[in-house]
Every structure is written in structure tokens, then in C-alpha cells.
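The basis for the numbers below is simple: all heavy atoms, side chains too, and nothing from hydrogens, waters or symmetry mates.
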Amino acid sequence: IPVGGHGTFDVVMVESVRRPRIEGRFAGEQMRAFDVVWGSVAGQAVIQNSYTDVADVVVSAGTAEMRVDGRFSLGFPRSDRGEEINARIRLARWPMTDLRHAFDLDDYDVDGFFSGEFHVFGPYLMPLGFGQMTIADGVAYGESFATATAGVRLEGEGVRLDSLQIEKSSGRGIG
């Protein structure tokens, strides 16, 4: 995954040079990954055993904000068969266009501002997890709506939306 941007990573390296533990605080601007510019980022990281454990990470772009805490493998598939991701991710008013593009979902004609809280774990290419999502000020396939909310289950091969509720003006759709 090409990653770009500029910033600082102030670290301390401990333990052996062959198997170091690197821990510190990072901050960056114009961070780019998955072909999307995410904006500024700041947080703490520990790198050890081909994992990065992050805490108090805040990614922001305008009024959009993402908070991340968790463990990410620095390679996959892992030779030790270890978990590749185990993270809690909270988003507030992130533009759907960025998320659709980052996850190769450009063909889905849904826009708006995405908010939610998720626990994602397992393999990178077949993630598992659960959470809640809201899309505000949305447009789906040419039809505008005020909000859409649902429970979300990541099931490896797909995503299941539970108790989907879409509101527009005085109308409501449930599914």
C-alpha cells in the first residue's frame, strides 16, 4: 500500500537491534494511503514483532475526524498465522467518496457523511467485526435522504446491515 505525506515520528528504540521495540509519537500532514488524501494525523505507536500497535490516533480533514486504537500487521499473510488487524475505529462525518474509493467501492452510488464506531479484527482481506453506522445528508442512486442508520457486521466475504433505517423528510424506511 503506497503511503505518502510528511511529518515526524519521535521514537525510542529498546531491546535488541535484531528484534527491536520502537515506540513513540507521530504527527503528519497530507497523509495519503489507498489513493486517498486523509489529511492530518497524530498518535502513538509501538512497532514490534512485525506489528504496529497504535493508540490515540486522530486523523482529521476539515470537519471530518477518525479515531483509531489497535493492532495492525506490517505484512500479510503473517508467517506465524497471527491476527492481521484488531482495531477500534470511530469516524465522524467522513465523506463517503473517500471511503468508497479507499475500499474499491466506487461503483456504489452512495454519498453523504459517514459516522460510526467499529471493532474490526482478523485477516486484512476477509475482515470480521461489528459496529454501528450513520450516513447523514445522503444521496443513494440519485435519491436524497436525511439519515441512514444500521448495525454493521463484517463477515469476511461481505458486510451485513442490520435494522437499516432510512429517514427522509417525514418518511421512514426500515429494512
Side-chain angles (χ1 to χ4, degrees), residues 1-106 113-134 151-162:
I1 302 169
V3 176
H6 56 87
T8 59
F9 188 22
D10 297 317
V11 302
V12 173
M13 186 174 89
V14 295
E15 299 184 13
S16 76
V17 172
R18 289 188 178 161
R19 294 187 52 84
R21 176 183 171 93
I22 301 166
E23 50 190 80
R25 182 134 188 87
F26 61 90
E29 297 294 328
Q30 296 300 308
M31 300 309 296
R32 182 178 181 86
F34 301 101
D35 199 29
V36 171
V37 175
W38 298 96
S40 64
V41 63
Q44 299 174 58
V46 174
I47 301 170
Q48 187 174 29
N49 192 30
S50 297
Y51 279 112
T52 298
D53 292 298
V54 299
D56 304 319
V57 174
V58 177
V59 182
S60 58
T63 61
E65 184 178 85
M66 184 182 319
R67 294 182 173 269
V68 181
D69 294 281
R71 173 170 271 201
F72 299 85
S73 177
L74 294 176
F76 77 97
R78 289 188 60 89
S79 59
D80 64 3
R81 299 182 186 258
E83 198 165 45
E84 293 168 358
I85 184 172
N86 190 341
R88 295 196 182 271
I89 302 165
R90 295 167 302 285
L91 297 102
R93 294 194 56 80
W94 207 278
M96 286 287 297
T97 53
D98 288 350
L99 300 171
R100 286 190 358 248
H101 190 67
F103 296 103
D104 240 354
L105 300 170
D106 291 315
F113 297 98
F114 188 91
S115 299
E117 186 167 343
F118 306 93
H119 183 186
V120 181
F121 50 91
Y124 281 138
L125 297 179
M126 303 271 287
L128 304 170
F130 55 90
Q132 286 287 126
M133 61 150 255
T134 299
V152 176
R153 286 187 280 162
L154 302 173
E155 298 180 332
E157 292 184 4
V159 176
R160 183 179 306 267
L161 300 179
D162 295 316

A.B. asks: Measure the spacing between CG of D162 and CE of M133 and express it to the nearest 0.5 Å.
C.D. replies: 11.0 Å

A.B. asks: For the residue pair W38 and W94, does the interplanar ring angle fall in the parallel (under 30°), tilted (30 to 60°) or perpendicular (over 60°) class?
C.D. replies: tilted

A.B. asks: To the nearest 0.5 Å, tell me how far M66 CE sits from L91 CG.
C.D. replies: 4.5 Å

A.B. asks: To the nearest 0.5 Å, how far apart are CG in D98 and CZ in F34?
C.D. replies: 13.0 Å

A.B. asks: Heavy-atom count check: over 12 atoms from other residues, nucleotides or ligands less than 6.0 Å from F9 CZ?
C.D. replies: yes

A.B. asks: Does the pair M126 and L154 meet the rule for a side-chain contact (heavy atoms from CB on, under 4.5 Å), with working shown?
C.D. replies: CA-CA 8 Å; M126 303 271 287; L154 302 173; over 6 Å; no

A.B. asks: Measure across G39 and A61 and return the closest heavy-atom pair with its distance rounded to 0.1 Å.
C.D. replies: CA-CB, 4.4 Å

A.B. asks: Please say whether more than 12 non-hydrogen atoms of neighbouring residues, nucleotides or ligands are located less than 6.0 Å from CG in D106.
C.D. replies: yes

A.B. asks: Rounded to the nearest 0.5 Å, how far does CD of Q44 lie from CZ of R25?
C.D. replies: 5.0 Å

A.B. asks: For R67, check salt bridge (Lys or Arg N to Asp or Glu O under 4.0 Å) against everything at least two apart and list the hits.
C.D. replies: E65

A.B. asks: When you compare the side chains of T134 and S115, does any donor N or O come within less than 3.5 Å of an acceptor on the partner?
C.D. replies: no

A.B. asks: What donor-acceptor contacts under 3.5 angstrom involve side-chain atoms of residues 70-79, with partners at least two apart or in another chain?
C.D. replies:
unit_1, atom_1, unit_2, atom_2, d
R71, NE, D53, OD1, 2.8
R71, NH2, D53, OD2, 3.0
S73, OG, G75, N, 3.2
S73, OG, G75, O, 2.4
S73, OG, R78, NH1, 3.2
R78, NE, Y51, OH, 3.1
R78, NE, D80, OD1, 2.9
R78, NH1, S50, O, 2.9
R78, NH2, N49, O, 3.1
R78, NH2, D80, OD2, 2.9

A.B. asks: For R90 and G116, indicate whether the former's side chain and the latter's backbone hold a donor-acceptor pair under 3.5 Å.
C.D. replies: no

A.B. asks: So, for E84 and L125, which heavy atoms are closest and what is the spacing to 0.1 Å?
C.D. replies: OE1-N, 4.5 Å

A.B. asks: So D69 and D56, side-chain contact (heavy atoms from CB on, under 4.5 Å) or not? Walk me through it.
C.D. replies: CA-CA 6 Å; D69 294 281; D56 304 319; 4.1 Å; yes

A.B. asks: Quick check: are there more than 12 heavy atoms from other residues, nucleotides or ligands sitting under 6.0 Å from CD of E15?
C.D. replies: yes

A.B. asks: Taking all heavy atoms of E83 and all of G122, pick out the closest pair and write down the distance.
C.D. replies: OE2-N, 3.5 Å

A.B. asks: Which atoms form the tightest heavy-atom contact between L128 and G156, and what is the distance?
C.D. replies: CD2-N, 3.6 Å

A.B. asks: What pairs with E23 under salt bridge (Lys or Arg N to Asp or Glu O under 4.0 Å), at least two apart in sequence or on another chain?
C.D. replies: R21

A.B. asks: Looking at OG1 of T52 and CD1 of I85, how far apart are the two atoms once the value is rounded to the nearest 0.5 Å?
C.D. replies: 11.5 Å

A.B. asks: S40 and E29: which non-hydrogen atoms are nearest, and at how many Å?
C.D. replies: CB-OE1, 3.3 Å

A.B. asks: Could you grab the distance from atom CZ of F118 to atom CD1 of I89, nearest 0.5 Å is fine?
C.D. replies: 8.5 Å

